[in-house]
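Single-structure report; data block below.
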Amino acid sequence: MILAKSKHDQNRALIDPWTLVHAGTGLAVGLMGFSMSAALLGAVAYEVLERPLEKLDFGKNLFSVRKPESAKNQVFDVAVFVLGAAAGRAWIED
């Protein structure tokens, strides 16, 4: 599944509403001048920590999900974050 069309599809699809949040966060990080390596490290660390947290009741409530993210969703979240960060960096370096 490529696009989440309902809340039920969140975390199972490649793209869900949180994809925009990851892109926007990446853009903000890039505009603040973080290095790409620091941005990538932060994005990967977040995804690594988020998955086990989503398996706990606390995490399910915090993120409002039923199941943890799929690996493809995590990879795509990191990719759009990096694209956003690159766009932000390009803007300030122009």
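Counting begins at 1 with the first residue of the sequence. Quick note: numbers below take in every heavy atom, side chains included, and nothing from hydrogens, waters or symmetry partners. If you're wondering where the values come from, they're calculated on a predicted model, not measured in any experiment.
- No more than 12 heavy atoms of other residues, nucleotides or ligands shown are found within 6.0 angstrom of NZ on K67.
- Looking only at distances, a side-chain donor or acceptor of R89 sits under 3.5 Å from a matching main-chain atom of G33.
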Next on the checklist: Go through it in stages, so that I can follow the logic: the residues are Y46 and H22, the test is side-chain contact (heavy atoms from CB on, under 4.5 Å), and I'd like the CA-CA distance, side-chain angles, deciding distance and then a yes or no.
Outcome noted: CA-CA 11 Å; Y46 175 82; H22 287 281; 4.0 Å; yes
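- Inter-residue side-chain proximity for R66 and R12 is flagged as unmet; no heavy-atom pair is nearer than 4.5 Å.
- T19 places a side-chain N or O within donor-acceptor distance of the main-chain N or O of D16, the cut-off being under 3.5 Å.
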Item to check | Worked verdict on L40 versus F81 for side-chain contact (heavy atoms from CB on, under 4.5 Å) | outcome: CA-CA 8 Å; L40 180 60; F81 176 91; over 6 Å; no
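- With a 4.5 Å cut-off on side-chain heavy atoms, P17 and K7 do not count as touching.
- At a threshold of 4.5 Å between side-chain heavy atoms, the hydrophobic network of Ile, Leu, Val, Met, Phe, Trp and Tyr places I92 and M36 in two separate groups.
- Hydrophobic clustering (side-chain heavy atoms under 4.5 Å, transitive across Ile, Leu, Val, Met, Phe, Trp, Tyr) keeps V44 apart from L41.
- For the pair L53/F63, a side-chain contact is recorded, criterion being any heavy-atom separation below 4.5 Å from C-beta on.
- Hydrophobic cluster membership of I15, counting Ile, Leu, Val, Met, Phe, Trp and Tyr whose side-chain heavy atoms lie under 4.5 Å apart directly or via other members: I2, L3, L14, F76, V80.
- Linking Ile, Leu, Val, Met, Phe, Trp and Tyr whenever their side-chain heavy atoms come within less than 4.5 Å leaves V48 and V75 in two separate clusters.
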Item to check | E69 vs D77, side-chain contact (heavy atoms from CB on, under 4.5 Å): CA-CA, chis, key distance, verdict | outcome: CA-CA 10 Å; E69 287 182 295; D77 285 347; 2.7 Å; yes
